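Remember, it's 1-based here, ligands and their atoms both numbered in the order they're listed. Values in this document were obtained by computation on a predicted structure and should not be read as measured data.
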Amino acid sequence: MTQPTHAPLLPNFMAGRWQTGSGEGTPLYDPVLGSELARVSSAGIDLAAGFAFARDQGGAALRALSYGQRAALLNAIVAVLQTHRDAYYEIATANSGTVAKDSAVDIDGAIFTLGYYAKQGQALGEARLLLDGPRIRMAKDPAFQTQHIQVPTQGVALFINAFNFPSWGLWEKAAPALLAGVPVIIKPATATAWLTQRMVKDVVDAGILPAGALSVICGSSAGLMDQLKPFDVVSFTGSAETGKIIRSHRAVTEMSVRCNIEADSLNSALLAPHATPESEAFKLLVSEVVREMTVKSGQKCTAIRRIFVPRAVYQAAAEAIAAKLSKISVGNPRNETVRMGALVSQEQKASVLAGLAQLKSEASVLFDGNNQALVDAEATSACVAPVLLGTENPLNAKILHAVEVFGPVSTLMPYDSIEEAYAMIRLGEGSLVCSVYSEDPAFTAQASIELASSHGRVHAISPDVAALHSGHGNVMPMSLHGGPGRAGGGEELGGLRALHFYHRRSAVQGSSLALDLLAAQAATLTF
Ligand code: NAP
């Protein structure tokens, strides 16, 4: 008998059973060693049956529970994931090429988010629907009133995710969906699908969730969007290009399937106008820029891509950032001296190098870590060291404000007036996050108001929160994640606000007697 010449196919979990796709599948690689780790295939899987099973069985079983009972399920998921945490770190090292600290952002970030929603959900207790605002009289006689309510949508939540957060990307969406009572079908990005598949496998094996509540389909996305029906929702994270395809699918344009898009983003950091190189604000900006360029090798949708500083400190900022970047060792994440691992794949390396070449047509190189040798890794691996670019004429730049290089690359830009800085930040056409560094609370408050309309989050940092703040790029479950314009126009997280996406709002107009009984089964969301 001939032995298979490739790694085994990861089975998909659809319609309540494990099913292996047909054909040879698509290989997943170790981005540092180049070895093949596993394969994925969705070919031949009956998608219609899988979606129907999730919708009918998973949805009904979840909706039969209260918010408090579903919150308990989230806690049980946390316990399972914690049990297998070491295995997840091994998969992340092998398949994402990340050092342990970076794997933690994905793995422990997911566990934290699930735990957060479990706690929030517990507070909703035995309720089965949500009251949306107070009752409003509709006639002189108070007997006839309107009450807006929110109830779980009776469909599935399809998640199509990006490669950079195979763990957190699943659970930051699944936590509010499951809490809301909506079954989840996750399609991870192929390059790093292994960790997502393994986590779903562990949760399924533990037998915590009702049948049909959680499904995973790895490999090609072909046909997934075609399965969606009017009460389903789709949440996509990935490139603006694929986002466009999702948004223009007939499920969205003709059936009004609710669609959330988290796409790419040219996030900024802004140093206050009067900051000097000796100031705390300057030092805080420099540290955060270096952290953002290097955590997960810059493969974070929230990473700082553009750095705006007063012209007087441009040179000093370039030197301070370069000095810190020169200490970052890059290479094999298994070597304990390595601070930054690889990009996730050869495709991403090619994409980052091509993007860098584009940016260089408008900027010069202020620091290039690629002049130093990699640690324990070949030059042919998917490792790319940090590169700091700069231009003294950012107002004339186009590419620098438009091209997101999804790697350890950022561009320093001077400004001559704060109005000019705001205008350049807005050239990003809507971003996920902007961080502001200042010692003047009045400036911070004003800058936050200026920047809020073009950003999902403003991370406003001053010396008094230096040791407390959660980081420019860290997405915390209590704060909104998403951004207007090219960032996709989506909204995720933000505490219990996340439940809205998985609920339908309806105005019930009726007698106060009926509304009293309805309210007895409801919880009121307070933010
Ligand atoms: P991508 O190429 O757009 O892929 C994203 C997902 O879409 C993958 O699961 C992919 O599957 C799937 N897909 C590809 N073509 C599709 C189609 N025609 N129909 C349905 N699904 C399809 O993005 P990526 O390269 O994985 O991710 C990097 C990008 O994501 C960056 O631009 C980054 O800024 C953005 N991102 C944004 C956020 C955020 O929260 N805003 C977070 C993380 C990343 P395959 O992998 O099988 O092709």
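For the residue pair Ser103 / Thr98, a side-chain donor-acceptor distance below 3.5 Å is found, with atom types taken as modelled. A donor and an acceptor atom, one from each side chain of Gln150 and His500, are located under 3.5 Å apart. Side-chain contact check for Tyr88 and Asp108: no donor-acceptor pair (N or O, by modelled atom type) lies under 3.5 Å. Under the 3.5 Å distance criterion, with hydrogens and angles disregarded, no donor-acceptor pair is assigned to the side chains of His455 and Asn267.
Counting heavy-atom neighbours within 6.0 Å of Gln19 CD, excluding the residue itself, gives a total above 12. Around atom NZ of Lys349, more than 12 heavy atoms belonging to other residues, nucleotides or ligands sit under 6.0 Å away. In this structure, Phe231 places its CZ atom where only 12 or fewer heavy-atom neighbours from other residues, nucleotides or ligands lie under 6.0 Å away.
Which parts of ligand 1 touch Leu432 is read off a 4.0 Å heavy-atom cut-off, strictly below it: atoms 41 (N). Near Asn164, meaning under 4.0 Å from one of its heavy atoms, ligand 1 places the atoms 43 (C), 44 (C). For ligand 1, the atoms lying closer than 4.0 Å to a non-hydrogen atom of Ile246 are 20 (C). Every atom of ligand 1 with a heavy atom of His481 under 4.0 Å away is listed here by number and element: 39 (C), 40 (O). Close contacts between ligand 1 and Gly219 involve ligand atoms 47 (O) [criterion: under 4.0 Å to a heavy atom]. Of all the atoms in ligand 1, the ones that sit under 4.0 Å from a non-hydrogen atom of Ala189 are 8 (C), 9 (O), 46 (O). Atoms of ligand 1 lying under 4.0 Å from at least one heavy atom of Thr190, given by number and element, are 45 (P), 46 (O), 47 (O). If you number the atoms of ligand 1 from 1 as listed, the ones under 4.0 Å from a heavy atom of Glu404 come out as 31 (C), 32 (O), 33 (C), 34 (O).
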>> salt bridge (charged side-chain N to carboxylate O under 4.0 Å, His left out), that's the test. Do Arg334 and Asp30 meet it? Break it down for me.
In response: CA-CA 12 Å; Arg334 295 163 186 88; Asp30 183 317; 2.7 Å; yes

Determine, stepwise, if the pair Thr237 / Lys173 fulfils side-chain hydrogen bond (donor to acceptor under 3.5 Å, both in side chains). CA-CA 10 Å; Thr237 301; Lys173 294 181 189 197; 2.7 Å; yes

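For atom 26 (O) of ligand 1, the closest non-hydrogen atom on the protein side is Phe163 CD2, 3.1 Å. The shortest contact between atom 14 (C) of ligand 1 and any protein heavy atom is with Thr242 CG2, 3.5 Å. Scanning the protein heavy atoms around atom 23 (O) of ligand 1, the nearest turns out to be Ser239 N, 3.2 Å. The protein non-hydrogen atom at the shortest distance from atom 6 (C) of ligand 1 is Asn161 O, 3.2 Å.
The distance criterion of under 3.5 Å between nitrogen or oxygen atoms is not met by Gln348 with respect to ligand 1. Annotation: Cys301 places no N or O atom under 3.5 Å from an N or O atom of ligand 1; distance criterion only.
Comparing heavy-atom distances from atom 35 (C) of ligand 1 across Gly238, Pro188, Cys218 singles out Gly238 as nearest. The closest heavy-atom contact to atom 5 (C) of ligand 1, among the options Ile160, Asn267, Thr237, comes from Thr237. With atom 19 (N) of ligand 1 as the reference point, the heavy atom nearest to it among Ser221, Gly456, Gly223, Ser220 is part of Ser221.
Under 4.0 angstrom from ligand 1, the non-hydrogen atoms of Phe236 all belong to its side chain. Contacts between Phe406 and ligand 1, counted as non-hydrogen atom pairs separated by less than 4.0 Å, involve the side chain only. Looking at Ala263 against ligand 1, only its backbone comes within 4.0 Å, counting heavy atoms.
Note on ligand 1: Gly488 sits outside its first shell, no heavy atom being nearer than 4.0 Å. Heavy atoms of Lys187 approach ligand 1 to within less than 4.0 angstrom.
Contact of the Thr242 side chain with the Ile160 side chain is not registered, since no non-hydrogen atoms from C-beta on lie closer than 4.5 Å. Proximity of Leu158 to Met225: side-chain heavy atoms (C-beta onward) are separated by under 4.5 Å at one or more points. Looking only at side-chain heavy atoms (C-beta outward), Leu178 and Ile77 come within less than 4.5 Å of each other.
Proximity of atom 48 (O) of ligand 1 to the protein is not indicated, since no non-hydrogen protein atom lies closer than 4.0 angstrom.
One finds no salt bridge joining Lys398 and Glu362 here, because no Lys/Arg side-chain nitrogen approaches an Asp/Glu carboxylate oxygen to under 4.0 Å.
Ring-plane geometry between Phe13 and Trp18 is classed as tilted, the angle between the planes lying from 30 to 60 degrees on a 0 to 90 degree scale.
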